[in-house]
Number of protein chains: 2
Amino acid sequence: MSAPFARISELPAHAGATVTVRGWVTHLRSSGKVAFVVMRDGTGLLQAVLVKNALSPEAWTRFGELTQEACVAVTGQVKVDARAPGGHELGVSDLAIIGPSPLDYPIQPKEHGVDYLLDHRTFWLRTPRQVAIARIRHEVEQGIHDFFYEREFVRVDTPILTAAIGERSGLFSTEYFEEGNAYLAQTGQLYGEAAAAALGKIYTFGPTFRAEKSKTRRHLTEFWMIEPEVAFNDSAANMVLQEEFVSYLVQRCVERRQAELKELERDISKLEKVVPPFPRLDYTDAVALVRSKGSDAKWGDDLGAEDEALIVADYDKPVFVFNYPKAAKAFYMKENPDDPRTVLCDDLLAPEGSGEIIGGSQREDDHDKLLHRIREEQLPEDAYGWYLALRKYGTFPHAGFGLGLERTVAWICGTPHIRECIAFPRMMHRLRP
Amino acid sequence: MSAPFARISELPAHAGATVTVRGWVTHLRSSGKVAFVVMRDGTGLLQAVLVKNALSPEAWTRFGELTQEACVAVTGQVKVDARAPGGHELGVSDLAIIGPSPLDYPIQPKEHGVDYLLDHRTFWLRTPRQVAIARIRHEVEQGIHDFFYEREFVRVDTPILTAAIGERSGLFSTEYFEEGNAYLAQTGQLYGEAAAAALGKIYTFGPTFRAEKSKTRRHLTEFWMIEPEVAFNDSAANMVLQEEFVSYLVQRCVERRQAELKELERDISKLEKVVPPFPRLDYTDAVALVRSKGSDAKWGDDLGAEDEALIVADYDKPVFVFNYPKAAKAFYMKENPDDPRTVLCDDLLAPEGSGEIIGGSQREDDHDKLLHRIREEQLPEDAYGWYLALRKYGTFPHAGFGLGLERTVAWICGTPHIRECIAFPRMMHRLRP
């Protein structure tokens, strides 16, 4: 076969030409004299048409040997055909088998349980729905980088191995030479704050870890977070940045990933409504709202998933709930000067029951107030020495937030469980493959 | 102060206008009636000029209280001045201190030892050289994402917590609920191979871990790797992709990061030479070359840093050494059909003594040969079940590589030690801050 190789997504540029396409068989069909191979190569789907009389007997015989997920090289002429998947068809002149596939291929065209599918995640990843989710995740990720690059944020990679800082319970730990234990970071934020003083506007993008025994549809032990931090932003500017950011990501997927959203049967009209400004609800008002809807939430509580659902039910956009009670939130959030029972923070709740996708706050920039909070929470003061020192030398107002990548992708995709939104999810009972 | 806020990099758009700039003091100078504050805000450097007679007595007094790294807000008119750092000056009408800085600020304008600097990394990061490196790292990172996005690779985030796969010695481990130990990934490649069968062309971008007691200038325990994997690429196509990729990253920095490269006193003419094609040296020829230069390397050895330096000394571009002996390389590399003592692989050696920045290979796609190699290396066969299965169902030729991010940034920056090329480096004796 001396025809040039082409990937399926490149076929429009080869209309009329003869090319060789390599990929894996997804469907087979034959009517005796004409046969069809539908194949995928990761870039798209292609229907290859084999006419017995136009092929060598050997090639026709090889068609008979094909099975699901066999790897093949198919040579033929590229024909425009609007009815075909991808808009093209291949008129086959030769067919070779690169890698056969035994009939016990793990993913069969029937229903499998989710544990079984996760056990065979490498193959499950090849199915159309999973491919669509992977491509949307990819688009969101590139969108995140582009959004911040265009706005002159500097990306900073904060450490995974840390000496016990960040949020505290549920830490994975590992022996670290003669330094004692290292802990897998639950957040890069504190490092991001240090970097913001050096670089002005920064963001992190990396995996974070929680050794928590949660088994909800919204928890993974290993998940990716994006944490921007901006010197001189206050809480109000922080929320403006969040709504611009989230809207950008959603609209980018709407513009560039129509095919994938269609594969997922996502209602795109709901995504199109995600544009600034987002509604802003003071925590106190949010509590009144959910109580009026029957919740027994009390002022002072953090809001649970059910309360969040009651709040977003009134809106078709993400909703900010801001300025929570101090006791319900992390030690590093800045005390609200207008109501010291609360802190200058926000949670961003996605619509359609998707729940919290962002937590943000202005950071406590007063050295003594921060030290007081660290002592109140009985955090290891020593480990926070460098963090406190940022408030000793040239302290500055600053704010930032953390966006959970898988939760955001799950919302955009309309998938109820975030385990499908990362290639190899890690959960309490799931460390393989 | 009701003037609009501006960041230093935005001042060109405000020429003639009155703005407030917030940042940190780097230099102070006064001649009695005129004073100068040079300040940084992470986006640039600005000289603010204070004339005693034109200021309130209070503002002039506050100037006298300024110290290095005090955080200030300076209001004044933006004046174009080619001699000033950044090309602009601020004619100050008001000055406020946001956060004072005691005189014992850790980084003084004198030489500090590197251990001291690493102990105070949060402040060291603010110095011009470290800011320049951080911005070049950022540019390289965005360049990586753009390169692959434009070529329709899908980014895939592979797991950090794994059940003992990848390369084996020097693993960090952590208890994982009832699943026994989890190990921090040393590579995402094996997962990347699975994803390539689903998505065609993929890349990973994430932290990787080596619990090795190395104390060289080229080793970190936590470093970032980029690992593309392409279905149907052979070793030759793999090297073409590598040289296009590396050239793109280098030329992008040359085009967009002139100021930072100048700050680092980097010889840009050397970077400009990094364009395809790169020289390709068969391993056997490489051994002959280094022996002719006095090395006692023998055929069969892996090449050490000294041998690598002898090889690159002849070139002003990165050099490929390809097809190493099987015994010197990892189990997953494909046996060379033309010489089964060797494997289809390459190392890419950067010039100017920077050493290996990429290791790549075509992967063994023959199930039985791969199983044989796994047994030869006494790897836990059970843990590799899913990896072997990729060769059982529709096996396919594929190739990929891993680029070490910090090593690449160090080469582009011309810094001898990679510890400066990540915000918070992790080494054998370094887990803080």
Side-chain angles (χ1 to χ4, degrees), chain A residues 7 9 22 24 41-43 69-71 98-99 101-102 105 122 125-126 131 134-135 138 141-142 145 149 152 154-161 163 172-174 176-177 179 182 191 194-195 197-200 206-207 222 224 231-232 386 390 393-396 422-424 426 428 431-433, chain B residues 7 9 22 24 41-43 69-71 98-99 101-102 105 122 125-126 131 134-135 138 141-142 145 149 152 154-161 163 172-174 176-177 179 182 191 194-195 197-200 206-207 222 224 231-232 386 390 393-396 422-424 426 428 431-433:
Chain A
R7 296 193 189 259
S9 65
R22 294 164 296 187
W24 293 266
D41 73 348
T43 75
E69 286 295 321
C71 185
I98 296 173
S101 182
Y105 181 73
T122 55
L125 278 179
R126 302 180 181 188
V131 167
R135 290 186 176 278
H138 167 61
E141 295 193 322
Q142 184 70 22
H145 293 302
Y149 186 81
E152 299 195 317
V154 178
R155 173 175 172 176
V156 174
D157 299 306
T158 52
I160 309 300
L161 295 168
F172 287 111
S173 72
T174 183
Y176 196 84
F177 307 107
E179 305 291 310
Y191 292 99
L199 297 158
E222 175 179 332
W224 287 64
F232 308 116
W386 65 264
L390 300 176
Y393 301 100
T395 192
F396 60 111
I422 186 165
F424 298 94
R426 294 296 181 247
M428 191 179 152
L431 182 62
R432 297 156 209 264
Chain B
R7 296 193 189 259
S9 65
R22 293 163 297 187
W24 293 266
D41 73 348
T43 75
E69 287 295 320
C71 185
I98 297 173
S101 183
Y105 181 73
T122 55
L125 278 179
R126 303 180 180 187
V131 167
R135 290 186 175 278
H138 167 60
E141 295 192 322
Q142 185 69 22
H145 294 301
Y149 186 81
E152 299 195 317
V154 178
R155 174 175 172 175
V156 174
D157 299 306
T158 53
I160 308 300
L161 295 167
F172 287 110
S173 72
T174 183
Y176 196 85
F177 307 106
E179 304 291 309
Y191 292 99
L199 297 158
E222 176 179 331
W224 287 64
F232 308 116
W386 65 264
L390 300 176
Y393 302 100
T395 192
F396 60 110
I422 185 165
F424 297 94
R426 294 296 182 245
M428 191 179 152
L431 182 61
R432 294 156 209 264

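In what follows, chains carry the letters A, B, and so on, assigned in the order in which the sequence lines appear, proteins first and then strands, with residues in each chain numbered from 1.
Between W24(B) and Y393(A), the distance separating the two ring centers is not shorter than 6.0 angstrom.
Counting all heavy atoms, side chain and backbone alike, T122(A) lies closest to A194(B) at CG2-CB, 3.7 Å. The two atoms that bring F232(B) and C71(A) nearest to each other are CE2-SG, 3.6 Å, heavy atoms only. When all heavy atoms of S173(A) and T174(B) are compared, the pair lying nearest together is O-OG1, 2.7 Å.
Interface residue P207(A): only side-chain heavy atoms are found under 4.5 Å from chain B. If you measure heavy-atom distances from Y105(A) to chain B, the contacts under 4.5 Å come from both the backbone and the side chain. Contact annotation for V156(A): only side-chain heavy atoms (C-beta onward) come within less than 4.5 Å of a heavy atom of chain B. In this structure, the portions of R22(B) lying under 4.5 Å from any heavy atom of chain A include both its backbone and its side chain.
In E179(A), the CD atom is crowded: over 12 heavy atoms of neighbouring residues, nucleotides or ligands sit closer than 6.0 Å.
The CG atom of L161(B) sits 7.0 Å away from the CZ atom of R426(A) when rounded to the nearest 0.5 Å.
Side-chain contact between Y149(A) and H145(B) is absent, with no heavy-atom pair separated by less than 4.5 Å.
Only one option out of H138(A), Q142(A), E141(A) pairs with R155(B) in a side-chain hydrogen bond (donor to acceptor under 3.5 Å, both in side chains); it is E141(A).
In terms of the salt bridge (Lys or Arg N to Asp or Glu O under 4.0 Å) criterion, residue partners of R126(A) (sequence neighbours excluded) are, by chain and number, E69(A). Shown here are the side-chain contact (heavy atoms from CB on, under 4.5 Å) partners of T395(B), two or more places apart in sequence or in another chain: D365(B), R391(B).
Ring geometry, F424(B) versus W386(A): the interplanar angle falls from 30° to 60°, so the pair is classed tilted.
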